[in-house]
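Computation of the quantities below employed the complete heavy-atom set of this structure, encompassing side-chain atoms and omitting hydrogens, waters and symmetry-equivalent molecules. Just so you know, ligand 1 is whichever comes first in the structure, and atom 1 is the first atom listed for that ligand.
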Amino acid sequence: MSGLSLILEELARALEPHGLLLRGVVPFEPGQGGPDLADGKPALTLVLIGNAGGSLWEPFSRWRKLQPDRGGPDPLDRWSAQVIGPLATRYGATAYFPSDQPYQPFQQWAMRAEGLKASPLGILIHPLYGLWHGYRGALGFAEALDGGAEQRHQPQPCETCIGKPCLTHCPVEAVGMERFDVASCRSYLSSDEGKAGCMVKGCAARNACPIGAAYRYPAGQLRFHMQALKRL
Ligand code: B12
């Protein structure tokens, strides 16, 4: 078994109780776009970590209840750092987080790691999880580790989706192939209609997607993400 396979096995075991899973590996050639490690050298291997469906919601919610400040203004980011940060230290890796600035290209990494493509909404669609997945962090390694192959070809369910309901269910037509009108979305979310609609039921466009229905986020998680979207 190669060095990376062993690390991946241990990482998967360490992440599982937190409802997180490995979301693929991206190899980089020296000088070809790997993010900088803590010591300024480029990462040659990147391991993506994320959630599928509501996998993280219970562990995260349990943790949050124990925090005197309920996890602060960005509890999911703080929880992610507390879970993933120590793993970076253990393996001498550099941790990256999706909300940290400057933004790292998590979606580009995910396209390479799992062969995913963008849905008309901009978020990546997974053939099994549909739109119900996300990224909580990544670990960058200085070494070109063997054992994790890039997956370049996954089926892209949107290509054969008849009617594309994600494009027709937004109550304020904020989503479209060319753009996501964040201002219209937010103003709707603040209205009475929005408070009783997407704010409690989750994004209507995302909900309309027929793929990965079994992985749809639980009600509490849907509300949590909508609140974050409204306030960002
Ligand atoms: C800024 C940001 C937003 C902004 C602006 C998005 C935009 N127009 O680019 C706002 C606040 C509007 C937003 C909204 C949402 N976001 Co957002 N967002 C980000 C963030 C933090 C940075 C994006 C970025 O600039 N990256 C920098 C560039 C260099 O990276 P990149 O990989 O090359 O960029 C890709 C994106 O820009 C993408 N893209 C282009 N247009 C759009 C439009 C939208 C709506 C999105 C989401 C992406 C997107 O295309 C690029 C692919 O190469 C990322 C995390 C991250 N670090 O990537 C999450 C991220 C892209 N968001 C995510 C999600 C889930 C959402 C929401 C669904 C959350 C919610 N609460 O409902 C909504 C989308 C609502 C909808 N109806 O589609 C997920 C996507 C997961 C996936 N399956 O792909 C990410 C990866 C965060 C995560 N932790 O997993 N988001």
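In terms of polar-atom proximity, Gln104 is counted as a contact of ligand 1, with an N or O under 3.5 Å from an N or O of the ligand. For ligand 1, the polar-atom distance check against Leu124 finds a nitrogen or oxygen pair separated by under 3.5 Å.
For the pair Arg64 (side chain) and Gly71 (backbone), a donor-acceptor distance under 3.5 Å is absent. Distance alone, capped at 3.5 Å, is enough to place a donor-acceptor pair between the Gln156 side chain and the Ala118 backbone. Not one N or O on the side chain of Thr94 forms a donor-acceptor pair closer than 3.5 Å with the backbone of Leu37. Asp74 places no side-chain N or O within 3.5 Å of a backbone atom of Asp77 that could act as its donor or acceptor partner.
For atom 1 (C) of ligand 1, the nearest non-hydrogen atom from the set Tyr217, Phe97, Tyr103 belongs to Tyr103. Ranked by closest heavy atom to atom 43 (C) of ligand 1, the top entry among Ala228, Cys198, Gly122 is Gly122. Checking Ile123, Asp100, Val182, Leu222 against atom 79 (C) of ligand 1, the nearest heavy atom belongs to Ile123. Of all the listed residues (Pro105, Gly50, Gly130), Pro105 holds the heavy atom that lies closest to atom 29 (C) of ligand 1.
Here is the list of ligand 1 atoms found below 4.0 Å of a heavy atom in Met111: 52 (C), 53 (O). In the vicinity of Leu121, heavy-atom distances shorter than 4.0 Å reach the ligand 1 atoms 44 (C), 45 (C), 78 (O). Taking a cut-off of under 4.0 Å to the non-hydrogen atoms of His133, the atoms of ligand 1 that pass are 81 (C), 83 (N). Which parts of ligand 1 touch Tyr135 is read off a 4.0 Å heavy-atom cut-off, strictly below it: atoms 88 (C), 89 (N), 90 (O). Shown in contact with Gly134 at under 4.0 Å from a heavy atom are these atoms of ligand 1, numbered in order with element: 90 (O). Atoms of ligand 1 lying under 4.0 Å from any heavy atom of Cys203, numbered from 1 in the order shown and given with element: 77 (N). In the vicinity of Arg136, heavy-atom distances shorter than 4.0 Å reach the ligand 1 atoms 89 (N).
In this structure, Arg78 and Asp69 have side chains that are in contact, with non-hydrogen atoms separated by less than 4.5 Å. Under the 4.5 Å side-chain criterion, counting only non-hydrogen atoms from C-beta, Cys158 is in contact with Pro120.
For residues 181-222, every residue pair satisfying the ring-ring contact (aromatic ring centres under 6.0 Å, His included) rule, not counting sequence neighbours, is listed here: Tyr129-Tyr215, Trp132-Tyr217, Tyr217-His225. Among pairs with a residue in residues 18-37, those fulfilling salt bridge (Lys or Arg N to Asp or Glu O under 4.0 Å) read Arg23-Glu114, at least two apart in sequence or across chains.
Residue contacts with ligand 1, taken as heavy atom pairs separated by less than 4.0 Å, involve Pro98 via backbone and side-chain atoms alike. With a 4.0 Å cut-off on non-hydrogen atoms, His126 does not touch ligand 1 at all. At a heavy-atom cutoff of 4.0 Å, ligand 1 is contacted by the side chain of Val175 but not by its backbone. Residue contacts with ligand 1 for Phe180 involve side-chain atoms from C-beta outward but no N, CA, C or O (heavy atoms, distance under 4.0 Å).
Defined by atom type and a distance below 3.5 Å, a donor-acceptor pair is present between the side-chain atoms of Asn207 and Arg216. No hydrogens or angles considered: nothing links the side chains of Gln67 and Trp79 as a donor-acceptor pair under 3.5 Å.
The six-membered or imidazole ring of Tyr135 lies away from that of Trp109, with a centre-to-centre distance of 6.0 Å or more.
Taking 4.0 Å as the cut-off, Ser99 does not count as a neighbour of ligand 1 on heavy-atom distance.
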